[in-house]
Undergrad: 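Here you go, one structure.
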Number of protein chains: 2
Amino acid sequence: MAPQTKTRTLSTADERRETLIEAALPVFGRRGFHAASTVEIAEAAGISQAYVFRLFPTKVDLFVAAAAEGSRRMLATFRAASDDARSSGTDQLEAMGRAYTGLVERDRDVLLMQLQSQVASPGEPKIREQMQSCFREIYELVAGRSGAGAEEMRAWFAHGMLCNVMAAIEAENLKDEWARALTAGD
Amino acid sequence: MAPQTKTRTLSTADERRETLIEAALPVFGRRGFHAASTVEIAEAAGISQAYVFRLFPTKVDLFVAAAAEGSRRMLATFRAASDDARSSGTDQLEAMGRAYTGLVERDRDVLLMQLQSQVASPGEPKIREQMQSCFREIYELVAGRSGAGAEEMRAWFAHGMLCNVMAAIEAENLKDEWARALTAGD
DNA sequence: GAGGTGTAAGTTAGCACTCACTCACACTTT
DNA sequence: AAAGTGTGAGTGAGTGCTAACTTACACCTC
């Protein structure tokens, strides 16, 4: 790139925006849109609250950016799993399903962010639009790669949604029959 | 409006608590735990905000009561559908599934409350406990009546969760392929 | 020195929750 | 049957706190 000075102390706004999004994702994911405060997020990102509002005009815009980042991570995971399955010849749909449960264990924040975005959707049109395109992109990728039909796709997504909910209510550590049955295969 | 009556008739605290819960459910469902204010709920119930806190010690307790009411409505719906299916000899699991999609259309607040309770669970132990017992009760009722095994139950719940999410992001009016596929059967 | 990076110190609005108080009314007492 | 009285129903007007967002200014970098 540019012959930049090695002693630069300031970041570019774009770099900061990137780190801010990364810091915001887990906070929004764990606390939700309304309960997460911009002060908390600013602290997590290591910048002042004022600068948050220089980088994103409103809290909603920051939330949408974080949701988009979550969506990007999911897509990347699916794409990688599909590539693997393609070369090893295993079932595409199953491979991508496994990739999701793997992601969920490794990077729980993405899952929580997904859930939080879903419930924030009815009240915030910008978030709703982001969620709709998230579903569209995943659907197109997964259906395209696997060749699965509508019925199969519905079952595949449904299972993913169940995983999310079971994680949110922390059913996986419970010994009860219902919890065992509903978290099986995660 | 009627000329300010000098006399007001009092209810019992239990009656008021009941109407308060009924008023709170849609507000919490649509706005979420944190975004819904106790002022808004008090107005919906037609009482003063101060009295809300006489009837429930904290906002969380009110939320849990509203979630429990939602859970009760779902259980009643399933029980009725199961009774019907029993006398007409149709499939129990399918009958209860249909009953759910019917409930969701008729009484969307119950669905939204369910979703809001799910995401509020990680942060509020009381809410989480309520959600877990909600799932347990539904599981026991549905598994008991239908005789379905773990695998079948998982698919049944998964489909329900997908319905919830599709409703939250308002996918049902969309024409796109993904939206059509994922909302089919609702 | 112009323009981008960054912040300390606000402002305004809304929140959950409290307090001191009034009113309705069932149940005596006369 | 009228007057008195005890108690639960109900509220207006706060409290202190925290939220999102702004302004004015300092400091880098080129």
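In the text below, chain A, chain B and the rest are named by the order of the sequence lines, each starting its count at 1.
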Undergrad: Taking CZ from B/F56 and C1' from C/dT18, how many angstroms apart are they, rounded to a whole number?
TA: 19 Å
Undergrad: Consider only side-chain N and O atoms of A/T38 and A/Q49, and report whether a donor and an acceptor are under 3.5 Å apart.
TA: yes
Undergrad: Starting the side chain at C-beta, find the nucleotide from C/dC17, D/dT22, C/dT5 nearest to B/Q49.
TA: C/dC17
Undergrad: When the distance from CZ of B/F63 to C1' of C/dC15 is rounded to whole Å, what number comes out?
TA: 17 Å
Undergrad: Which nucleotide in the list D/dA19, D/dT11, C/dC17 gets nearest to the side chain of A/K59?
TA: D/dA19
Undergrad: Among the nucleotides C/dG10, C/dG6, D/dG12, which one has an atom lying closest to any side-chain atom of A/Y51?
TA: C/dG6
Undergrad: Between C/dG4 atom P and A/E15 atom CD, what is the distance in whole Å?
TA: 16 Å
Undergrad: Under 4.0 angstrom, heavy atoms only, what part of the nucleic acid is B/A42 near: base, sugar-phosphate, or nothing?
TA: nothing
Undergrad: To the nearest Å, how far apart are B/L55 CG and D/dA9 P?
TA: 8 Å
Undergrad: Where the side chain of A/A50 is concerned, which of C/dT18, D/dT22, D/dA20 is the nearest nucleotide?
TA: D/dT22
Undergrad: Could you tell me the separation between the CZ atom of B/R54 and the C1' atom of D/dT11, rounded to a whole number of Å?
TA: 10 Å
Undergrad: Decide if atom CZ of B/R98 counts as having more than 12 heavy atoms of other residues, nucleotides or ligands within a radius under 6.0 Å.
TA: no
Undergrad: Rounding to a whole Å, what distance do you find between B/E43:CD and C/dG14:P?
TA: 12 Å
Undergrad: Please report, rounded to the nearest Å, how far the C1' atom of D/dA26 is from the CD1 atom of A/I47.
TA: 17 Å
Undergrad: Using a heavy-atom cut-off of 4.0 Å across all strands, would you classify B/A13 as base, sugar-phosphate, or nothing?
TA: sugar-phosphate
Undergrad: Given atom CZ of A/F53 and atom C1' of C/dT11, what is their separation to the nearest angstrom?
TA: 13 Å
Undergrad: I'd like to know if the side chain of A/S82 reaches the main chain of A/F78, judged simply by a donor and an acceptor atom lying under 3.5 Å from each other, with no hydrogens or angles considered.
TA: no
Undergrad: Using a heavy-atom cut-off of under 4.0 Å over every strand shown, decide if B/A36 touches base, sugar-phosphate, or nothing.
TA: sugar-phosphate
Undergrad: Is a donor-acceptor contact shorter than 3.5 angstrom present between the side chain of B/R16 and the base of D/dG10?
TA: no
Undergrad: Tell me if the centroids of the rings in B/F56 and B/F63 come within less than 6.0 Å of each other.
TA: no
Undergrad: When you measure from the side chain of B/R128 to the backbone N and O of B/S121, does any donor-acceptor pair fall under 3.5 Å?
TA: yes
